[in-house]
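To start, the structure itself, in structure tokens.
Here is the naming used below: chain letters follow the sequence lines, and residue numbers restart at 1 for every chain. Basis for what follows: all heavy atoms, side chains included, without hydrogens, waters or symmetry-related copies. All figures in this text were calculated on a predicted structure; none of them were measured in a lab.
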Amino acid sequence: MHGCPRCCEAAMWTWRRLQVKVRAAGGLLTCRQRPTWSGGRLPSCQSLSTCTPLRNDFFKDLETQLAAMRKKASDALPGSSWSPLEINPDLPPERADIVIVGGGVIGWSIAYWLKQKERVRGGVKVIVVEKDLTYSQASTVLSAGGIRQQFSLPENIYLSLASADFMRNINEHLGVLNEDPVDLQFNQSGYLFLASEEVAHIMEENYSAQRSAGAKVSLLSPTQLKQKFPWINTDGVALASYGLENEGWFDPWTLLNAFRRKAISMGVIQCCGEVTDFKYTTKHTTSTDGDQMELRRITSVKVQMPNSLEYQPVECAIVVNAAGAFSAKLTEMLGIGSGPRDSIAGIPLPVEPRKRYVYVVHCPDGPGLDTPFMIDYSGVYFRREGLGGNYIAGTSPEEAEEPDTSNLEVDHQFFEEKIWPSLASRVPAFEKLKVTSAWAGFYDYNTFDQNGIIGMHPLINNMYFATGFSGHGLQHSPAVGRSVAELILDGNFTTLNLSGLSFQRILAQEPKLEKNIV
Amino acid sequence: MLKVLIPTLMLIPTTWATKPKWLWPTTLAHSLIIAVLSLSWLVNMSETGWSNLSPYLATDALSTPLLVLTCWLLPLMILASQRHTATEPVNRQRMYITLLTSLQVFLILAFGATEVIMFYVMFEATLIPNMIIITRWGNQTERLNAGVYFLFYTLAGSLPLLVALLLLQGSVGTLSILTLPYADPLQLVSCGDKLWWAGCLLAFLVKMPLYGVHLWLPKAHVEAPVAGSMILAAVLLKLGGYGMMRIVVVLDPLTKELSYPFIVFALWGVIMTGSICLRQTDLKSLIAYSSVSHMGLVVGGILTQTPWGFTGALILMIAHGLTSSALFCLANTNYERTHSRTMLLARGLQMALPLMTTWWFIASLANLALPPLPNLMGELMIITSLFNWSWWTLLLTGVGTLITASYSLYMFLMTQRGPIPAHVLALDPSHTREHLLMALHLLPLLLLVLKPELIWGWTS
């Protein structure tokens, strides 16, 4: 009777000791309890720690501990890290199989899918070259982040459907072991297009195309519209088209980083630098029509380091042009666009940057949480941003009034003159709002037909293009990445047939325009 | 002997004195003449024993095929290197050809040596031009690593060989290859003698390479330029085999027991490296591992110490030399066009370059030991002699042959068949130079089908 509580307490004491040892070995930031060894036993059998470990990831802590140990060992050893070969670790490798120019969401998506589709580990060596790792001017992160299937071109609808499916299951695709899961904040609130009397028939045609492609869209009459969204003023609205599923908006930065993290974990090398030159071989041949053609084959890419005269020529087999708004500069380096006017070499890549403004407004009495991404027939759009009564609004300026693209300065007059009146007339609650912030971003605007260019250029034998998406590149990025990877590794499109978006239409001057209502 | 050696030595002043425009045609013609002259060594092949005898150099049935192979390879290397060195300044091109020629000189002296120390010195001397070729003209940063592996593996293996040879000289009194087979058999009983036995063989096993000490080979082959890969695969590996065949006559009777683990290593290496080949993404790496696989069979054949084993080993060495060099040239034609060694990126080439597919086909079939090519003859003789040594080896060699066939076919189908990616469609057509190169590789192989006695070694 006397021995029992004592041995019980002794057992508790040893158990406590073991627990503290385990915690100390795990290196967790917990409050350690210090049992009093001298003389006594623990006064009570309760745990004295006041905080519990927030997470207990053995492997992550192990890695940090091992890294610290290695650093300590190398600091303790004599000698310096000087080596006779001046190796700059930021330089890209001397050769790679595929160089992706442009580290936006399209570039990283292509990198991820190339690694996903290589059949053995280390099958292809991919590097992604991005000139600005802060992404201060990249279209991806300055985007409004919407995704919709309400296009008229079947290729665009299929691309959006596939991308939405990818993003719904993003952790299956882009989840990395031992890292936090990806949270895209995909608000599936749908898109709402409003059509006036003159353009209602276009909306109906688009609707049938979308339904037959598998998009879940519904048409609403003005009364149904008013019933569903009472905050809309339905004057002038003849028909509305509302996306029921797979439409909405998400966080582009998260998607970019998810692609980047997964691709890097699969072995893609990221390089910060700018592509300033290509080394290429030219072959003069005659086509079947008798025209003289100069076929170029890129042998190496000159990557210039930021703020430095250092450069590294990267010898490569394939170059992917995913440079977005700045894609035309790359083709100029290869002499495309500077040939005689009626030859293929005289047709430049029709992609240029176009500045678009996005304004964040705060309206406490605005539409509620189920607000879709609304686009009026005047071109003005807005969507909800967050849960605090903030909204994002914008519109495309007229062709004649395109803003200057040398900088990303915002013109606040634009909001006052072009956006607010239409917005306030469509949604009366927006008569009282305050512009809290604004930014500007570039569209990689395809001046030919405002749709993406995917595929190879006829004159450059090993450059693949994935650019010119004119504002809907972000939402198509997963599917575009997969298609380009199929082109490179399988030789042909296998899941989606995007041959309609190839270079052929530009050479044949047959634009594939979206039949928009705006 | 001198009728080949002097022209080869004079090739060096020739490269430095020729006008730049005529550099490559001149050296090509010169080396082709040397190659044709070297064929005269094959004339006395029907007699066993030494021909072209001099105090320092001689040829016999074992070294003649290897000498002819060496001389034949120089024009092929010059043909293959023409394109990728075209962009360099002329003096660097001259340096390159000089290095290849000096390799040739060292190899002729090595294979023709009558004394083992001379063979050893030449064996080591070939390392230097090779190192220079790999580290200076290789393509990637990894070439430095490859050079280090190559140098130190070989040196570490051959230092014990030097000690062992000096000990042998001390006990036998001579190291002349002409008389060593007739020397009194050595009393090899102690543990030190066993170490001596291992020391004699280690350098050659590393050079062959034996699986286990083969790590330098994929690196060196992949990082070397095409001529470096060719000479490595075709001749330098065979230096190890030739050395083993010469030295093994004094190593009796220990070899009967001590060769056991090495034969097992070699056969296991055949299977392991064959399996690695099936998973390779890099074309040159695949061919390098297939070299290790074939050489594993050669090591097994030599260590059985039977006439069939030796003959099979010699035949396989010659045939493999021609085939492997041909495959490296083919891989280089791919590389020069697509600038990538990755197999995934250069597929379906039959559509774009159908004539090159013919050469790929013949080379792949030779690699998988299709009858009636000498590859099969060599493999069959080795497999038979190993079977005689132990029945169980048949499992390993059988599976090894199967895997060899599958990776050779895999290589052929991956590069030639299948859908052709868009960036491969507009490649340069095959040059006549490349066709000539492939023909000069595979024509001797096909001719050897008709008179294999030339490469049978001592049992002719």
Item to check | B:Leu345 and A:Leu489: CA distance, side-chain angles, deciding distance, side chain to side chain contact (heavy atoms under 4.5 Å, CB included) verdict | outcome: CA-CA 7 Å; B:Leu345 292 180; A:Leu489 293 179; 4.3 Å; yes
[atom2] on [Y] to [atom1] on [X], rounded to 0.5 Å:
{"X": "A:Asn461", "Y": "B:Thr338", "atom1": "CG", "atom2": "OG1", "answer": "12.0 Å"}
{"X": "A:Arg95", "Y": "B:Ser340", "atom1": "CZ", "atom2": "OG", "answer": "5.5 Å"}
{"X": "B:His339", "Y": "A:Ile318", "atom1": "NE2", "atom2": "CD1", "answer": "12.5 Å"}

Item to check | Region of B:Arg347 in contact with chain A, defined by heavy-atom distances below 4.5 Å | outcome: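 Just its side chain gets close to chain A.
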Whether over 12 other heavy atoms sit under 6.0 Å from [X] [atom1]:
{"X": "B:Glu88", "atom1": "CD", "result": "yes"}
{"X": "B:Met351", "atom1": "CE", "result": "no"}
{"X": "A:Lys283", "atom1": "NZ", "result": "yes"}
{"X": "A:Phe493", "atom1": "CZ", "result": "yes"}

Item to check | Proximal component of A:Asp490, with respect to chain B [non-hydrogen, under 4.5 Å] | outcome: backbone
Checklist entry - In terms of heavy-atom proximity below 4.5 Å to chain B, should A:Ile98 be classed as side chain, backbone, both, or neither? => result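 Contact with chain B involves the side chain of A:Ile98 alone.
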Checklist entry - Among A:Thr285, A:Thr299, A:Asn462, A:Leu295, who wins on heavy-atom pairs under 4.5 Å with chain B? => result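 Sorted descending by pairs with chain B, the first entry is A:Thr299.
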Item to check | Leading residue by heavy atom contact count with chain A [cutoff under 4.5 Å; candidates B:Leu427, B:Ile420, B:Leu144] | outcome: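 Between B:Leu427, B:Ile420, B:Leu144, the count favours B:Leu427.
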Distance-only donor-acceptor hits, side chain of residues 327-335 of chain A, under 3.5 Å, sequence neighbours excluded:
residue, atom, partner, partner atom, Å
A:Ser327, OG, A:Gly324, N, 3.2
A:Ser327, OG, A:Gly324, O, 2.5
A:Ser327, OG, A:Thr467, OG1, 2.7
A:Thr331, OG1, A:Ala328, O, 2.9

Item to check | Close contacts, residues 114-125 of chain A versus chain B, judged by heavy atoms under 4.5 Å | outcome: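 Those residues of residues 114-125 of chain A which have a heavy atom under 4.5 Å from chain B are A:Glu118, A:Arg119, A:Val120, A:Arg121, A:Gly122, A:Gly123, A:Val124.
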Next on the checklist: Looking at A:Arg297 and B:Asp428, would you say the former's side chain and the latter's main chain have a donor-acceptor pair under 3.5 Å?
Outcome noted: no
